[in-house]
There are 2 protein chains.
Amino acid sequence: MVLGPVTEPEADAGLEPADGARLSAMPSLAKSLHGELLARLRDYIVEGNLAVGARVPERMLCERFGISRTPLREALKVLASEGLIELLPNRGARVRQLGAEELVDLFDVMGGLEALAGRLACEKITPAAYDEIERLHHEMYGCYMRRDLHGYFACNQAIHDRIVQAADNEPLRASYANFAGRLRRVRYSANLDENRDRWGEAMREHEEILDALRRRAGNELSDILFGHLRNKRRAAAGRETTCPPDAGVAS
Amino acid sequence: MVLGPVTEPEADAGLEPADGARLSAMPSLAKSLHGELLARLRDYIVEGNLAVGARVPERMLCERFGISRTPLREALKVLASEGLIELLPNRGARVRQLGAEELVDLFDVMGGLEALAGRLACEKITPAAYDEIERLHHEMYGCYMRRDLHGYFACNQAIHDRIVQAADNEPLRASYANFAGRLRRVRYSANLDENRDRWGEAMREHEEILDALRRRAGNELSDILFGHLRNKRRAAAGRETTCPPDAGVAS
DNA sequence: GAGCAGAAAATTGCATTCATTTTTTGAGAG
DNA sequence: CTCTCAAAAAATGAATGCAATTTTCTGCTC
């Protein structure tokens with residue numbers, strides 16, 4: 001049984017990485033209706049189709065996805081446990097408001113997870129995987145020189161993803177994806193175009209990242225990655241807004 | 001903080017935090033039936049009342065908890081998303097088997113989270129909270145000298161908990177509790193009594209931990225904590241067993 | 001006795017129904 | 001006109017019902 005088509009125009013941000021890996025990891029969710037619905041509902045919310053703080057209308061979502069309330073409610077409980085929505089007793093689900101302080105906390109956790117990924121990657125990465133990251137790094141540098149923001153973002157994301165992959169730790173990968181998903185809801189327009197300093201700084205940090213990874217210096221890479229995320233957070237601070245469907249996440 | 005009465009003097013490497021905070025953090029789950037059931041069911045499984053790999057019998061659990069299948073199934077979905085059980089399409093839920101490699105991965109994630117907690121604690125800890133940790137450290141040292149394994153574990157756990165608390169980061173706390181819960185299912189008999197070397201080593205590592213925390217040396221503390229967990233993992237390696245349906249696991 | 005086809009029983013996934021709570025509506029008082 | 005309070009409407013939380021799949025049991029063949 002296939003879910004009904006979503007009738008809404010549904011502006012696609014285009015830059016976000018299609019998170020299909022989430023399913024492949026959990027055999028539980030691979031092809032069940034529940035898994036499918038969960039992914040679709042998560043995307044629906046992450047993409048900002050529901051106003052933050054607004055009630056999540058079960059009835060409407062039911063007819064939108066062409067299912068009854070039972071599986072929908074199951075999915076809502078899971079999304080609540082992921083921190084995406086909030087379940088108020090007898091008052092339904094609400095899209096969780098990300099306060100500034102929680103945003104900061106989430107950035108720190110992402111930093112911690114990246115730091116861990118870097119540490120583990122230094123232990124486990126294969127030469128081939130390292131070469132690929134090096135290649136991406138140079139490609140990213142090319143984008144930087146060319147002021148190709150879009151390409152830069154794509155490479156940047158690919159590099160961080162590869163590091164997490166290289167860590168070869170499934171629970172870490174899942175947790176990372178979870179937190180990345182939560183942050184994806186937020187559009188902090190760290191527009192590097194208007195923030196030349198940060199762009200250059202980020203590029204230099206990436207040089208350090210590559211260098212530490214080349215030397216398999218786990219502790220060092222760990223610190224650099226955490227600091228990298230901290231700086232990214234700082235660059236984004238104060239500019240975060242709720243999610244109009246557009247614009248990618250900058251580094 | 002009052003830990004539940006640990007009925008067994010037995011072998012607990014001591015990384016499990018008492019997880020009572022899980023509910024208080026999520027207003028969603030605070031007092032709803034769903035939240036209550038979720039916690040109860042999680043405990044039920046974590047405590048080993050169900051054989052690993054065995055099918056989770058919905059019907060039996062329904063009458064055991066006095067509810068119908070709907071809320072039970074909602075809880076199962078959530079537990080599946082937490083990684084505690086596995087949902088096979090049309091074949092029900094099974095208690096997830098923790099393979100040796102996943103156990104290792106979970107230890108590493110715990111190490112990464114503790115490393116992050118240490119880093120953040122160095123930035124945010126209050127003098128009072130530090131003093132309390134120092135007090136616990138000395139108390140733990142006393143236990144060590146006295147060969148009071150039970151007291152040692154309690155202090156050890158309290159210290160790690162305080163560090164996470166001091167990090168003052170709710171998403172981190174929740175994630176930490178989640179992973180700790182998953183590991184709690186496993187009884188790795190890192191019996192320090194028969195492993196004097198490891199005990200002394202662990203005690204020395206704790207000296208370093210306290211020292212780095214005193215100096216608010218985040219990067220350093222981060223490395224030490226990760227290494228600490230690595231060594232704990234090493235000490236436990238090969239001795240882990242699955243949890244027989246009995247014997248409350250030391251909290 | 002081992003192996004296998006087929007039916008009965010149990011189990012799962014989802015829809016529907018029901019009781020309770022919340023929210024909205026509307027009439028009347030001030 | 002605004003506020004209050006009661007009743008209607010809607011939404012939530014959980015139980016039950018039903019079709020589809022899986023598992024178990026039975027009886028037959030070899």
Side-chain angles (χ1 to χ4, degrees), chain A residues 1-6 23 26-42 44-45 49-82 84-96, chain B residues 23 26-42 44-45 49-82 84-96:
Chain A
M1 187 196 310
V2 178
L3 295 177
V6 176
L23 295 181
M26 280 251 186
S28 335
L29 309 179
K31 46 185 294 194
S32 67
L33 172 64
H34 171 252
E36 182 107 7
L37 175 64
L38 187 58
R40 287 234 281 159
L41 188 55
R42 181 165 31 225
Y44 186 80
I45 295 175
N49 298 83
L50 262 37
V52 293
R55 164 176 292 197
V56 178
E58 293 187 2
R59 188 60 81 183
M60 175 195 121
L61 292 173
C62 283
E63 56 187 50
R64 170 174 287 277
F65 292 111
I67 52 163
S68 82
R69 284 179 54 220
T70 307
L72 182 84
R73 297 181 93 263
E74 290 174 354
L76 288 177
K77 307 284 190 196
V78 174
L79 294 183
S81 89
E82 288 178 8
L84 203 71
I85 63 178
E86 195 175 22
L87 258 35
L88 291 85
N90 285 320
R91 286 216 222 127
R94 303 189 113 78
V95 179
R96 226 160 94 96
Chain B
L23 293 180
M26 279 252 186
S28 333
L29 309 179
K31 45 183 299 186
S32 67
L33 171 65
H34 170 253
E36 185 88 17
L37 174 65
L38 188 58
R40 284 224 285 161
L41 188 54
R42 182 163 32 223
Y44 186 80
I45 294 175
N49 298 85
L50 261 38
V52 293
R55 162 176 290 195
V56 178
E58 291 188 1
R59 184 150 171 59
M60 177 197 119
L61 292 173
C62 282
E63 56 189 47
R64 165 171 276 278
F65 292 112
I67 53 163
S68 81
R69 285 178 53 219
T70 306
L72 182 84
R73 299 182 92 263
E74 290 172 354
L76 288 178
K77 307 282 189 196
V78 174
L79 293 183
S81 88
E82 288 178 7
L84 203 70
I85 63 178
E86 197 175 18
L87 257 35
L88 292 90
N90 284 320
R91 284 210 226 130
R94 301 187 116 77
V95 179
R96 227 160 92 94

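It should be emphasised that the depicted structure is a prediction, and the values quoted were computed from it without experimental measurement. Proteins come first, then strands; the chains are lettered A, B, ... in the order of their sequence lines, and each starts at number 1.
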Across all chains, not counting sequence neighbours, the side chain to side chain contact (heavy atoms under 4.5 Å, CB included) partners of B:Arg91 are B:Leu88
Separation of C:dG13 P from B:Glu74 CD (nearest whole Å): 14 Å
Across all chains, not counting sequence neighbours, the side chain to side chain contact (heavy atoms under 4.5 Å, CB included) partners of B:Arg40 are B:Phe65
Between the protein and nucleotides 18-23 of chain C, which nitrogen or oxygen pairs are less than 3.5 angstrom apart?
none

For A:Arg94, all residues meeting side-chain hydrogen bond (donor to acceptor under 3.5 Å, both in side chains), sequence neighbours excluded: none
Applying side-chain hydrogen bond (donor to acceptor under 3.5 Å, both in side chains), name anything that partners B:Glu58, two or more places apart in sequence or on another chain. B:Arg69, B:Arg73
On DNA chain D, which is the earliest and which the latest nucleotide, 5' to 3', with an atom closer than 4.0 Å to a heavy atom of chain B? D:dA14 to D:dT23
Between B:Leu41 and B:Leu76, does a side-chain contact (heavy atoms from CB on, under 4.5 Å) hold up when you go through it step by step? CA-CA 8 Å; B:Leu41 188 54; B:Leu76 288 178; 3.8 Å; yes
Stepwise, does the side-chain contact (heavy atoms from CB on, under 4.5 Å) test hold for B:His34 with B:Val78? CA-CA 10 Å; B:His34 170 253; B:Val78 174; 4.2 Å; yes
Heavy-atom closest contact (B:Ala75 atom, B:Leu38 atom, distance): O-CD1, 3.7 Å
Measuring to OP1 and OP2 of C:dC14, would you say a side-chain N or O of A:Thr70 lies under 4.0 angstrom away? no
Tell me the closest heavy-atom pair linking A:Leu50 and A:Val95, and the distance in Å. CB-CG2, 3.8 Å
Within this structure, what is the CD1-SG distance for the pair A:Ile67 and A:Cys62, rounded to the nearest 0.5 Å? 5.5 Å
Those residues of residues 57-64 of chain B lying under 4.0 Å from DNA chain D by at least one heavy atom: none
Using side-chain contact (heavy atoms from CB on, under 4.5 Å), reason through A:Arg42 and A:Leu79 one step at a time and then give a plain yes or no. CA-CA 7 Å; A:Arg42 181 165 31 225; A:Leu79 294 183; 3.9 Å; yes
Would B:Leu87 and B:Ile85 count as a side-chain contact (heavy atoms from CB on, under 4.5 Å) if you check the C-alpha gap in whole Å, the side-chain angles of each, and the deciding distance to 0.1 Å? CA-CA 7 Å; B:Leu87 257 35; B:Ile85 63 178; 4.0 Å; yes
Hey, which of these two, A:Pro71 or B:Gly92, hits DNA chain C nearer its 5' end, going by closest nucleotide? B:Gly92
Hits for side-chain hydrogen bond (donor to acceptor under 3.5 Å, both in side chains) against B:Arg55, two or more places apart or cross-chain, chain-then-number order -> none
Bend angle of the helix from C:dG1-D:dC30 to C:dG30-D:dC1, end axes from five pairs each (to 10°): 0°
Could you measure the distance from the CG atom of B:Leu61 to the CG atom of B:Leu37? Nearest 0.5 Å is fine. 9.0 Å
